[in-house]
Amino acid sequence: EPAASLKGYLIRGLPIIKEGDDIPTLIQSLFEIEDGDVICLASTIVAKSEGRMRHLDDYQPSSHAIEAARDLGKDPRFVQAVFEESSDILIERPFLLTVTHFGHIGVNAGIDQSNVGDEMILLLPIDPCSSAQRLRQALGRDCAVIITDTCGRPFRNGVAGVAVGWSGIAALRDWRGELDIHGRALSITQEAIADEIAAAANLLMGEAGDLTPAVVFRGLKYPRSGDDLFRAKEKDIIRSRLNR
Ligand code: GDP
Ligand code: MN
Ligand code: MN
Ligand code: MN
């Protein structure tokens, strides 16, 4: 039996994305997608195509935002944007860790100031799983789509890619009930495969001026539907221990 292998293709040649751009058509003009492929897209380009770019002047900072911005050393308009993209603030100082309206927890609600231009900010897509579903349907293949973002991590140095939206693939692979090498059934393990794939995609994309926001993985066997990545508030011990 041949060794299992996974290939990752970094798609080159995508333009600077603007609102309304048809990302599936652009990708299909550069790469032939096959059934079973996993297409990873940087949230940056999905957000740009969905018109999620904002000017800082679009925001009227509240007194709360002005006060927090002073301590954070940030522009109060930026802090206001973070507040508006958040349903809960978990940490306010010395940085903003918040819960987005779609359930992702990230610094600054995932609002990005890289690769967007002066005085501009880029919000995450409103509902990245819906975006992933729409993009997958438009690609017209039995494939999966993962929308990635580069995030910092608690307890560990360095940023890594995570999945903020996915479609056509289970976010988690359930190992419960599988036998280990000694015949003991696993009782807890759910593997965050969408995050693992997103991290590998992020590794190929780069963070700066590479202009390579799309990666296709071929050769992966993956479950098509399954559980969520965002832990429910009531089940999140670490979240409950955070004091403002
Ligand atoms: P994020 O991780 O989703 O925040 O995205 P990044 O800002 O880190 O960008 C990831 C990759 O996408 C890098 O290679 C960027 O150069 C590239 N990128 C960002 N915006 C665009 C764009 O509009 N067009 C193209 N072709 N590449 C972009
Ligand atoms: Mn960025
Ligand atoms: Mn980002
Ligand atoms: Mn990135």
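Just so you know, these numbers use all the heavy atoms, side chains as well, and skip hydrogens, waters and symmetry mates. Whatever order the structure lists ligands and atoms in, that order sets their numbers, starting from 1. The first residue in the sequence is number 1, and the count goes up from there. Keep in mind that what you see is a predicted model, and the values were worked out from it rather than measured.
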Contact atoms of ligand 1, heavy-atom distance to Asp112 under 4.0 Å: 4 (O)
Minimum heavy-atom distance between Ser43 and Val164, given as atom pair plus value: CB-CG2, 4.3 Å
Using a plain distance cutoff, I'd like to know if Leu14 has any nitrogen or oxygen under 3.5 Å from a nitrogen or oxygen of ligand 1. yes
Given the Mn ion (ligand 3) as the apex, I'd like the angle to OD1 of Asp149 and OD2 of Asp112, rounded to 10 degrees. 160°
Does the Asp142 side chain pair with the main chain of Asp35, one donor and one acceptor, at a distance under 3.5 Å? no
Under 3.5 Å: N/O of Ala42 near N/O of ligand 1: no
Can any side-chain N or O of Glu85 pair as donor or acceptor with the backbone N or O of Leu124 at less than 3.5 Å? no
For the backbone of Ile23 and the side chain of Asp21, can you confirm whether one donor and one acceptor N or O come within less than 3.5 Å of each other? no
Test side-chain contact (heavy atoms from CB on, under 4.5 Å) applied to Phe217 and Leu6, step by step: CA-CA 7 Å; Phe217 287 111; Leu6 170 63; 3.9 Å; yes
Could you tell me if Trp175 and Gln190 have a donor-acceptor pair between their side chains, going purely by distance under 3.5 Å? no
Using a 4.0 Å cut-off to any heavy atom of Asp149, which atoms of ligand 1 qualify? 1 (P), 2 (O), 3 (O), 4 (O)
One finds that the ligand 1 atoms under 4.0 Å from a non-hydrogen atom of Ala208 are 13 (C), 15 (C), 16 (O)
For Thr150, the ligand 1 atoms with a heavy-atom partner under 4.0 Å come out as 2 (O)
Of all the atoms in ligand 1, which lie at a distance below 4.0 Å from a heavy atom belonging to Thr44? 1 (P), 3 (O), 4 (O), 5 (O), 6 (P), 7 (O), 19 (C), 20 (N)
Under 4.5 Å between any side-chain heavy atoms of Leu41 and Leu135, yes or no? yes
In the structure I gave you, are the side-chain heavy atoms of Met53 and Leu123 within less than 4.5 Å of one another anywhere? no
Met205 heavy atoms, cut-off 4.0 Å: which ligand 1 atoms fall inside? 13 (C), 14 (O)
Tell me whether ligand 1 is touched by Thr148 - counting only heavy atoms on the residue side and a distance under 4.0 Å. yes
Look only at interatomic distance and state if Ile17 has a nitrogen or oxygen under 3.5 Å from any nitrogen or oxygen of ligand 1. yes
Check whether the side chains of Glu207 and Ser114 place a donor and an acceptor atom closer than 3.5 Å, and report yes or no. no
Checking heavy-atom distances from atom 27 (N) of ligand 1 to each of Ala214, Pro213, Ser114, the winner is Pro213
Distance check below 2.8 Å: does Thr44 bring an N, O or S atom to the Mn ion (ligand 4)? no
Name of the Glu207 N, O or S atom nearest the Mn ion (ligand 4)? OE1
